[in-house]
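Numbers restart at 1 for each chain; the letters A, B, ... are given by sequence-line order, proteins then strands.
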Number of protein chains: 2
Amino acid sequence: MLDAAVDAFAERGFGGTSTRDVAVRAGRSPAAVYVHYDSKEALLYAISLEGHMAALDCLKLAYASSEDPAARLHAMVFAFSDWHMENARLARVVQYELHALSKVHRADIVSLRRRFHRVMVGAVRDGIRAGQFQVDDVNGTARALLSLCIDLVRWFDPARGRNSRAIAQLNADLALRMVGDV
Amino acid sequence: MLDAAVDAFAERGFGGTSTRDVAVRAGRSPAAVYVHYDSKEALLYAISLEGHMAALDCLKLAYASSEDPAARLHAMVFAFSDWHMENARLARVVQYELHALSKVHRADIVSLRRRFHRVMVGAVRDGIRAGQFQVDDVNGTARALLSLCIDLVRWFDPARGRNSRAIAQLNADLALRMVGDV
DNA sequence: GTCTATATGTTGATAGAC
DNA sequence: GTCTATCAACATATAGAC
């Protein structure tokens, strides 16, 4: 059911998807949605929460994968780019459907999202402290690094068989240039 | 009426917006929408077409603003970033609601979109030819440069009064690093 | 061109049988 | 938990008066 909703929301947007679309994709009756979820919005919240936690885990894991600032940042941008391509439909819902959440649920998710920024800022600061990165605007640069990864969900289509490894590799290489890695 | 639709689509998405929402925002009756547009989708197409042409003009103008590859690329990324912030709501509809267009209209817009890529590829090649840029993957790098600008529409909110000039400046500076400007 | 009124289908969500 | 059946509200779009 969750999978069906992810597919539908990613394809048509939350507003463009009916609970019937979701149910039909899951091979169930329209009423079956409401056995597990109180509302269409609750379904989106469940997806958004799961997706954000998975993406955050991915980013943190990459952060912890190395002690060297350059290798660390490279790993983070590679992994985060890769996650957005390997989980393209989920990632799209995660990144584009925040507006459809209730006020309370949105606040929850927004606070989760701040952590992505904090982790990336940490990685950039590590490199500056080690004398390896040359960055003036730490917050802005961290934002740009995340943008590079996140924007993949706008156009990347797994069905078109593009080489996601090569794209992740390029993004990671560009990231090191962006921080003035020396 | 177009303005009202841009606001509504940007805020709730195409699927999440009713023609009544649009009409009410424009201070008209629900039927008034159909005097000028055949359908809700035709309204989106008009917005999308106008938005894409304006954005493309902006990018081409910046391309023509300088002969020096570095200054040219800097101007392009600055202008394109700035456009996405100064026209945040329109830009959001332009970038996120392609999926809601009819097959024919979408094909129209997609062919327009290829031009953005071509212009950016041209700018990168100019710098390589002049010996100023060091880039292996021209297509991928051009894609990443556009990503940096486009992803602004996901989070930038004009109402929050952030310094859009500083953000455009940072993006432009990062762009020169990404192409290995020497 | 604008409106009111309305046709016709779809929507989110519920009731109650099995 | 799943279904069928259904409700009340809402959707897109049209008709016809002014």
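Cation-pi check for Arg72(B) over Tyr63(B) is met; the charged atom lies under 6.0 angstrom from the ring centroid and within 45 degrees of its normal.
Of the side-chain N and O atoms in Ser18(A), none sit less than 4.0 angstrom from OP1 or OP2 of dT10(C). For dT14(D), the OP1/OP2 oxygens have no side-chain nitrogen or oxygen of Tyr34(B) closer than 4.0 Å.
The nucleotide whose nearest atom lies closest to any side-chain atom of Ala31(A) is, among dT14(C), dG12(C), dT12(D), dT14(C). When the nucleotides dT2(D), dG12(C), dT14(D) are ranked by their closest atom to the side chain of His36(A), dT2(D) comes out on top. Among the nucleotides dT6(C), dG1(C), dC3(C), the one closest to the side chain of Ser29(B) is dC3(C). If you check dG1(D), dA13(D), dG1(C) against the side chain of Ser39(B), the one that comes closest is dA13(D).
Using a cut-off of 4.0 Å between Lys/Arg side-chain N and Asp/Glu carboxylate O, Glu97(A) and Arg106(A) are scored as not salt-bridged. Contact check on Lys60(B) versus Asp57(B) returns no salt bridge, with no Lys/Arg side-chain nitrogen under 4.0 Å from an Asp/Glu carboxylate oxygen.
Regarding Leu43(B), its CG atom lies at a distance of 10 Å from the P atom of dA13(D), rounded to whole Å. Between the CD atom of Glu41(B) and the C1' atom of dA11(D) there is a distance of 16 Å, given to the nearest Å. For Tyr37(A) and dT14(C), the OH to P distance is 16 Å, given to the nearest whole Å. Atom CG in Asp38(B) sits about 15 Å away from atom P in dG1(C), given to the nearest Å. Rounded to an integer number of Å, the gap from Lys40(A) NZ to dT10(C) P is 15 Å. The CE atom of Met1(B) sits 12 Å away from the P atom of dG1(C) (whole-angstrom rounding).
By the neighbour-count criterion of 12 heavy atoms within 6.0 Å, atom CZ of Arg177(A) is densely surrounded, having more than that number from other residues, nucleotides or ligands. In Asp157(A), the CG atom is crowded: over 12 heavy atoms of neighbouring residues, nucleotides or ligands sit closer than 6.0 Å.
Here Arg28(A) lies in heavy-atom contact (under 4.0 Å) with sugar-phosphate atoms only.
Summary of the strand contacts: Arg20(A) and Ala32(A) both lie near DNA chain D, and taking for each the nucleotide with the nearest heavy atom, the more 5' one is attributed to Ala32(A).
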